[in-house]
Every structure is written in structure tokens, then in C-alpha cells.
2 protein chains.
Amino acid sequence: MSSGARVLVIDDEVQIRRFLRISLEANGYEVHEAAAGLDGISRAAQLRPDLIILDMGLPDIDGLEVLRRLREWTTTPTIILSVRDADDDKVAALDAGADDYLTKPFSLEELMARMRVTQRHALPGSQSHLFKAGDIAVDLSRRLVTRNGEAVKLTPTEYALLRLLIQHAGRVLTHKQILREVWGPEYVEETHYLRVYFAQLRQKLEENPSLPALILTEPGVGYRLAA
Amino acid sequence: MSSGARVLVIDDEVQIRRFLRISLEANGYEVHEAAAGLDGISRAAQLRPDLIILDMGLPDIDGLEVLRRLREWTTTPTIILSVRDADDDKVAALDAGADDYLTKPFSLEELMARMRVTQRHALPGSQSHLFKAGDIAVDLSRRLVTRNGEAVKLTPTEYALLRLLIQHAGRVLTHKQILREVWGPEYVEETHYLRVYFAQLRQKLEENPSLPALILTEPGVGYRLAA
DNA sequence: TCCAATCTTGATATTTTCTTGATGTCTTTG
DNA sequence: CAAAGACATCAAGAAAATATCAAGATTGGA
């Protein structure tokens with residue numbers, strides 16, 4: 001659940017940032033920091049975090065304003081931290097798109113439990129990494145490959161290969177890169193595997209396997225997936 | 001947003017129920033009540049509310065237990081009300097599947113803002129507790145499995161396995177995921193259990209157990225329930 | 001205590017996937 | 001044009017993964 005999730009902490013207090021960094025990193029999160037609102041917004045745009053922890057009292061612009069600007073382009077789960085306990089503040093933040101609101105001082109245990117709630121919400125569907133090209137579609141989050149709507153059966157190796165191609169769609173992958181990623185570093189010379197498995201993939205995915213339109217050969221270099 | 005949303009309030013205190021009924025109805029909600037845990041669970045199964053407000057201190061069974069039983073078959077957003085403010089209680093409730101936790105006394109404004117947050121989350125694909133595929137039907141809220149209308153007897157483990165598959169219908173569950181969820185983290189290597197129990201499930205549920213149409217094998221990866 | 005249901009374990013059969021080699025085709029270049 | 005290198009295709013045997021059957025062990029309730 002928490003494994004590797006990226007968290008962006010936007011807070012001007014050094015102690016809070018330090019405390020959160022140490023505590024969350026100890027629990028397997030990847031923590032990034034911003035000390036001001038505008039910086040936080042641009043960090044969020046770069047990092048694409050899985051979760052934002054946002055303090056309401058910031059030096060440059062109001063936390064509420066940061067939240068509004070974030071919500072113009074992202075629905076990344078956002079938990080508000082604030083010293084203010086008034087109903088009005090909570091209501092304003094929650095209605096502006098916050099997913100939760102904690103009053104300082106807060107307990108780390110509670111914060112982490114509430115972080116887990118937001119991650120749970122994010123699970124279904126939303127992050128469905130869909131790749132489409134021609135008549136084939138790949139849903140990486142469901143490990144589902146379809147061709148003209150019908151499921152295509154791929155072996156573990158075939159699927160690993162296809163996933164790698166998709167993750168680098170449009171770019172050429174060298175023979176060695178592919179062998180290292182899919183089969184492991186000790187297989188980088190086994191180019192024969194590439195022939196066999198690319199042929200199998202084409203057989204299952206291409207309209208006309210002998211005239212590939214999707215899985216392209218770059219002679220002398222490697223292979224490439226049409227973008 | 002609040003227009004016509006059905007809310008189920010599970011609380012033994014008459015005053016609280018009265019207060020919430022009047023306040024929420026004034027804001028356009030459709031409010032239903034239950035004064036005890038077991039009653040609340042069956043009401044939830046009948047009403048299919050859009051939101052559940054659940055008190056932790058109930059006369060018959062613990063609020064946490066009510067939440068756990070609800071989560072066996074529904075993901076209906078649930079906000080916990082409690083007199084207890086301890087971190088442990090909050091963490092336990094949130095990790096058991098609660099979407100939010102408010103300490104009594106609470107402000108109506110804050111509660112309603114938090115209700116709006118849950119409704120915002122709930123938009124995509126609310127889960128039904130009735131699962132149907134081919135000639136089998138499963139009612140998770142009544143723990144009832146039927147095939148061509150006739151009840152099918154499943155052992156506790158078989159049922160837990162089937163429930164997990166239904167809750168993730170259409171997506172592949174890896175061997176480890178299944179073993180961890182159904183048998184516990186210390187069983188993740190016991191793949192032999194999977195063979196035995198999947199064979200038993202197929203024997204009881206599939207038309208032709210040797211040509212599964214519902215419970216599909218993904219060799220080298222795991223299993224999947226046809227969507 | 002005994003019974004009945006369920007869980008656990010092992011032996012064996014079947015299916016799927018991986019690996020390998022043989023052979024054919026295409027492209028480039030001397 | 002011929003030859004060499006790179007790539008594609010096919011298929012069979014080996015290995016791994018999965019399915020099946022059934023006998024002991026456990027467990028909870030009558």
C-alpha cells in the first residue's frame with residue numbers, strides 16, 4: 001500500500017517537514033518537500049505525487065489558494081494540516097477539494113491512517129494505465145490485453161515484453177536493453193530469444209504478422225513499438 | 001450533490017438520530033435510521049444507502065465489528081462517529097475501511113462537509129453486493145451462493161476465496177495476493193493451497209470444471225474471475 | 001467422547017511455457 | 001550477382017506450473 005508512494009509535503013515550518021520526512025520515509029514513502037505555495041504547485045506538476053500534504057499557513061500564498069490552483073488540473077489526494085480548528089476553515093478547505101483536514105498538533109499514527117484511506121480511494125479504476133494502438137488495447141493495471149475487444153492470452157514472458165515496449169512506446173529499445181529487462185542481465189547475448197518471442201507477440205497481436213504495423217524491427221539496433 | 005442522497009444513521013442515542021434526521025433532511029438528504037448494529041447491517045443491505053454514518057458505541061455489537069461486516073460486501077462510504085478520541089481507535093476504524101472519523105461532539109457543518117467529500121469520492125463505479133455470471137449468483141450481504149437458483153454450500157475458506165475474486169472481478173490476482181488475503185501473510189508461499197481450493201471451487205461452481213469459464217487461470221501469475 | 005465437516009498434505013497426471021535447433025527469408029555490400 | 005549477416009518461422013523436447021485425487025490430521029459441536 002504505502003510501498004513507494006510519492007508524497008509531497010508543502011509546509012513552511014522546517015521542523016514539520018523534517019518530522020514528516022523522517023517518519024514517512026521510515027514507513028516506506030518517498031517524500032518530497034516544498035516550503036512555499038507556488039513552489040509546491042510547480043513541484044506537484046513535476047513530481048506527479050500520489051499524495052499531497054498541505055499546510056494552510058504559507059508565507060507566499062494562502063493554503064486554500066494553493067489547493068484551488070491544484071484542483072484546476074489535478075485530483076491528487078490532498079490532506080490539509082492547519083493550526084486552525086474552526087468549522088469554517090475546515091468546511092472551506094474540504095469544499096475546495098481537500099480530502100481530509102487535520103488540526104495541528106496531530107498524531108503521526110492518525111495521519112498515516114488517513115493517508116491510507118486516501119490511497120484506498122485512489123485504487124479502483126482511476127489509475128488505469130491504458131494503452132491503445134490500432135485494434136489492440138492493453139490495460140496494465142489489470143494485466144489485460146484485448147484485440148478488437150477480445151481478450152488475448154499472453155504468457156508471462158510475452159506480457160513482460162509487451163509491457164516494456166509500451167513503457168517506451170515510440171522509442172527504440174536495443175536488443176541488450178530488452179534482454180536485460182525481460183530475461184535478466186545474464187541473458188544479454190541470447191538474441192535468439194528475441195526472434196522467437198517477437199514472432200509470438202506478432203502472431204497474437206498483429207493484423208498481418210508478416211507485415212508488422214505495431215511491433216517494428218529496427219535492423220541492427222533493436223525493436224520499437226509504433227506510438 | 002446532496003439532492004436525494006440516501007443516508008443511513010446507525011446510532012443508539014435517540015437524540016443524535018433525531019438531530020441528524022432533522023438537520024440532514026433540511027439539507028435535502030433522505031435519512032434512514034437504525035438503533036443497533038445488526039439492524040443497521042440488514043438495513044444497509046435493503047436500502048443500499050449512498051452513505052452510512054456509524055456510531056462506535058452500539059448496544060449489541062461493537063461499531064468496529066459492524067464496519068467489518070459491512071466491508072465484506074459493500075464499499076458504501078462510511079463515516080464513524082465516536083466519543084473516543086484516542087489514536088488507536090481512529091486508526092483501527094480507518095484501517096477497517098472507514099472513510100472518515102469524527103469525535104463527538106461534532107459540528108454539523110463539518111460533518112456535512114465531510115459527507116460531501118465522501119460523495120465526491122464515491123462517483124466512479126459504486127460496487128454492487130450482487131454478483132452474477134452465467135448460472136451462478138452471489139449475494140455478498142447474505143453470504144449466499146446459488147447456481148441455477150439452487151444454493152451452493154461453500155466452506156468458510158472457499159467462500160473467502162470467492163468473495164476476494166468477486167471484489168476484484170475482471171482483474172488478475174497474483175498467487176501471493178490471494179494467499180495473503182485469504183490465508184494470511186505467513187502463507188504466501190503455500191501455493192499448493194491455491195491448487196486444491198481453486199479445484200474445489202470450480203467443482204462446485206463451473207459447468208464444466210475442466211474447462212473453466214468463470215474462474216480463470218493466468219499461468220505464472222495468478223487467477224481471475226471473468227468480468 | 002465421538003462425529004462430521006473442514007483443513008492439510010502428499011502422490012501423480014495433465015497442461016502450459018520455456019528453451020533449443022533447424023531451416024527459410026530478407027537486406028546489404030563487396 | 002553472390003555471399004554474409006541479420007531476422008523470421010516452425011516445431012519438438014525439457015522444464016515448470018497447474019490440476020486432480022484421496023488419505024490423514026484437526027477442529028468444533030452434539
Side-chain angles (χ1 to χ4, degrees), chain A residues 143 145 151-165 172-184 186-225, chain B residues 143 145 151-165 172-184 186-225:
Chain A
R143 202 192 180 280
V145 182
V152 177
K153 275 192 71 172
L154 295 185
T155 72
T157 309
E158 286 164 1
Y159 183 80
L161 185 54
L162 178 59
R163 193 179 61 196
L164 181 69
L165 289 171
V172 180
L173 285 159
T174 67
H175 299 143
K176 289 198 174 183
Q177 280 182 309
I178 298 170
L179 287 163
R180 190 177 320 111
E181 284 291 324
V182 175
W183 280 269
E186 62 274 32
Y187 287 76
V188 289
E189 302 301 330
E190 306 284 344
T191 52
H192 191 54
Y193 281 16
L194 295 178
R195 323 286 177 226
V196 173
Y197 277 87
F198 272 94
Q200 286 174 5
L201 261 188
R202 282 170 173 159
Q203 204 63 43
K204 293 183 177 182
L205 300 179
E206 292 278 1
E207 180 90 37
N208 184 347
S210 51
L211 261 101
L214 185 68
I215 299 165
L216 310 174
T217 302
E218 298 285 341
V221 188
Y223 293 86
R224 179 168 63 91
L225 194 69
Chain B
R143 202 190 179 285
V145 183
V152 177
K153 271 193 74 173
L154 295 185
T155 72
T157 308
E158 286 164 2
Y159 181 78
L161 184 54
L162 179 60
R163 192 179 71 203
L164 181 69
L165 289 171
V172 180
L173 287 161
T174 67
H175 300 139
K176 289 196 176 185
Q177 285 179 311
I178 298 169
L179 288 163
R180 189 176 323 109
E181 285 292 324
V182 175
W183 281 272
E186 62 273 32
Y187 287 78
V188 290
E189 302 300 330
E190 306 285 343
T191 52
H192 193 58
Y193 282 15
L194 295 177
R195 321 292 172 219
V196 174
Y197 277 87
F198 272 94
Q200 286 173 186
L201 262 188
R202 281 172 174 157
Q203 206 61 44
K204 293 183 178 182
L205 300 178
E206 292 277 1
E207 180 91 36
N208 183 348
S210 51
L211 260 99
L214 184 68
I215 299 166
L216 310 174
T217 302
E218 298 282 343
V221 187
Y223 293 86
R224 187 177 68 199
L225 195 69

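We name chains A, B, ... by the order of the sequence lines, and we start the count at 1 in each one.
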Checklist outcome for this item: By nearest-nucleotide position on DNA chain C, the 5'-leaning member of A:K153 and A:E190 is A:K153

Checklist entry - Using a cut-off of 4.0 Å between protein heavy atoms and nucleotide atoms, how would you tag nucleotides 18-30 of chain D 5' to 3' with B, S and -? => result SBB----------

Checklist entry - For A:F198, what residues pass the ring-ring contact (aromatic ring centres under 6.0 Å, His included) criterion, not counting sequence neighbours? => result A:Y223

Checklist entry - Would one find more than 12 heavy atoms of other residues, nucleotides or ligands at under 6.0 Å from atom CD of A:E218? => result yes

Checklist entry - Separation of A:L211 atom CG from D:dT9 atom C1', in whole Å? => result 15 Å

Checklist entry - Taking side chain as C-beta onward, heavy atoms only, is A:V145 less than 4.5 Å from A:E158? => result no

Next on the checklist: Measuring from the side chain of A:Y193 (C-beta onward, heavy atoms only), which nucleotide among C:dT20, C:dC18, C:dC7 has the closest atom?
Outcome noted: C:dT20

Checklist outcome for this item: One should read off an interatomic distance between A:T217 OG1 and A:R224 CZ, to the nearest 0.5 angstrom, of 10.0 Å

Next on the checklist: Quick one: does any side-chain atom of A:E190 pair with a main-chain N or O of A:L179 as donor and acceptor, under 3.5 Å?
Outcome noted: no

Item to check | Side chain B:E206, main chain B:L211, donor-acceptor under 3.5 Å | outcome: no

Checklist entry - What does nucleotides 24-30 of chain C look like as a protein-contact string, B for base, S for sugar-phosphate only, - for none, at under 4.0 angstrom between heavy atoms? => result -------

Checklist outcome for this item: A:K204 atom NZ is separated from D:dT9 atom C1', nearest whole Å, by 15 Å

Checklist entry - Given atom CG of A:L201 and atom C1' of D:dT9, what is their separation to the nearest angstrom? => result 15 Å

Next on the checklist: Could you tell me if the side chain of B:L201 sits less than 4.5 Å from the side chain of B:L154, heavy atoms only?
Outcome noted: yes

Item to check | Nearest-angstrom distance from the residue atom CG of A:L179 to P of C:dC18 | outcome: 14 Å

Next on the checklist: Just N and O in the side chain of B:W183: are any of them under 4.0 Å from OP1 or OP2 of C:dC7?
Outcome noted: no

Checklist entry - Can you find a heavy atom in the side chain of A:L225 that is under 4.5 Å from one in the side chain of A:L216? => result no

Item to check | B:P156 vs A:T155, nearer the 5' end of DNA chain C by closest nucleotide | outcome: B:P156

Next on the checklist: I want to check something: taking the side chain as every heavy atom from C-beta on, are A:L194 and A:Y187 in contact at a cut-off of under 4.5 Å?
Outcome noted: no

Checklist entry - Just to confirm, is there a sub-4.0 Å distance from OP1 or OP2 of C:dT6 to any side-chain nitrogen or oxygen of B:Y197? => result no

